[in-house]
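Notes to accompany the following structure.
Below, each value reflects all heavy atoms present in this structure, side chains not excepted, and no hydrogens, waters or symmetry copies.
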Number of protein chains: 2
Amino acid sequence: MAQDEQGSDRGAALAAFFVLFNEIGILAQLSAAMFEARMPPGHLTSQFALLNHLIRVRDGRTPLELARAFQVPKTTMTHTIALLEKRGHIAVRPNPEDGRSKQVWLTDAGRAFREQALAAMAPDIMELAAAFPPEKAAALLPGLTELRKLLDERRDG
Amino acid sequence: MAQDEQGSDRGAALAAFFVLFNEIGILAQLSAAMFEARMPPGHLTSQFALLNHLIRVRDGRTPLELARAFQVPKTTMTHTIALLEKRGHIAVRPNPEDGRSKQVWLTDAGRAFREQALAAMAPDIMELAAAFPPEKAAALLPGLTELRKLLDERRDG
DNA sequence: ACTATTTAGTGCGATATCGGATTATATGCA
DNA sequence: TGCATATAATCCGATATCGCACTAAATAGT
């Protein structure tokens, strides 16, 4: 019966993570839909997230660094970068320190667009914040970040 | 300066949700990749999640109910259902209560596949559980669920 | 210096996802 | 009953995402 309990614990652990990941998947879906509803047609969350990253972390990153940051395949990042470059929101230049590589820089237009998109979304977020205090959102973050880092490590190791 | 403080709070609230949604997006990405790495080629997370739902919630649901449950467009669900049906993991039958509608039922093969997939993933999950206690995962759930429900409501209203 | 291996980015083909229009059935209302 | 509207599912076209193979440049080992 120690075995049974162990088996039961196992099942419970599995179930807990499945439910959690399922909820996370749906939330990703919903939040992306909310953002895209406020952006001009053709502007996707993946692109907006990239602009945000270049501001928050700093621009000049290489495509590979960006792919790793978002945990998407290199080819996907190549595609996203090409779209944003065509749109004039970023500039891609050779990496002076590595001939194989490139660097991604924000343009003024990119910064402006990001500001504008941010402003367009603010009302929705504030409405959400009225029902779900930002402190509560912040409280969720450490656990999620820890989980993300564990998954990150597992992927490489 | 009350204005400044207000503006600052606004910014902080915005930032909190952006960071949270960003983390959620990456986690969705990573967990999907982890699952798919353990599934036969061509079997995607969206399909596996559907099988799980039909077990956890109960089968006999209509395509539209399923689309709403996962917050994906109807057309996406049509596609996913068609794949699983072709594979023999689900059976789609007319809805006796509504001539426009259908019902989705699990087949024995579908149940068997799901069991098998679950078992294949268990080691990964248990490894994760060793570093991140399931209770901690469970503790994250209420907040995320509340947030998800708020986004759900916002979408319709 | 030279070759083998690793690494950064891209081209290409397959397909999952999605929005818009269409069809069939159900519901509401006169 | 008959007609207008709403709803369930699908069809179609566009495209974001992804895996695989390839090229070019850097690094390691001799």
Kindly indicate whether the side chain of A:Asn95, heavy atoms from C-beta on, has any atom under 4.5 Å from the side chain of A:Arg100. no
How close or far is atom C1' of C:dC18 from atom CE of A:Met39, stated in whole angstroms? 15 Å
Round to a whole Å and report the spacing from CG of A:Leu50 to C1' of D:dT17. 15 Å
With respect to the side chain of B:Ser101, which nucleotide from C:dA16, D:dA9, C:dA8 is positioned closest? D:dA9
Is the closest side-chain heavy-atom distance between B:Asp98 and B:Thr62 below 4.5 Å? no
Tell me the interatomic distance from A:Lys102, atom NZ, to D:dT23, atom C1', rounded to whole angstroms. 13 Å
Considering only C:dT25, D:dA9, D:dA26, which nucleotide approaches the side chain of B:Thr62 most closely? D:dA9
C:dC18 phosphate, OP1 or OP2, under 4.0 Å from A:Gln29 side-chain N/O: yes
Nearest-Å distance for atom pair NZ/C1', residues A:Lys86 and D:dT15: 12 Å
Mind calculating the distance between CG (A:Leu64) and C1' (D:dA24) to the nearest angstrom? 15 Å
Does OP1 or OP2 of D:dA16 have a side-chain N or O of A:Ser46 closer than 4.0 Å? no
Can you sort out which residues in residues 72-84 of chain B have a heavy atom within less than 4.0 Å of DNA chain D? Ascending by number, please. B:Lys74, B:Thr75, B:Thr78
Whole-Å gap separating P (D:dA8) and CD (B:Glu97): 14 Å
Between A:His89 and A:Phe113, what is the ring plane arrangement, given parallel below 30°, perpendicular above 60°, and tilted in between? parallel
Do the side chains of A:Trp105 and A:Leu54 get nearer than 4.5 Å, heavy atoms only? no
Between P of C:dA14 and CG of B:Leu44, the distance in whole Å: 17 Å
Is there side-chain contact between B:Gln47 and B:Leu51, with at least one heavy-atom pair below 4.5 Å? no
Comparing A:Gly42 and B:Glu36 on DNA chain D - which has the more 5′ nearest nucleotide: A:Gly42
Separation of atom CD in B:Gln71 from atom C1' in C:dG19, rounded to whole Å: 16 Å
Aromatic ring proximity, centroids under 6.0 angstrom, B:His43 and B:Phe48: no
Is B:Leu84 close to B:Val92 at the side-chain level, that is, under 4.5 Å between some pair of heavy atoms? no
What does B:Asp98 touch in the nucleic acid at a heavy-atom separation under 4.0 angstrom: a base, only the sugar-phosphate, or nothing? sugar-phosphate
Comparing A:Arg100 and B:Gln47 on DNA chain C - which has the more 5′ nearest nucleotide: A:Arg100
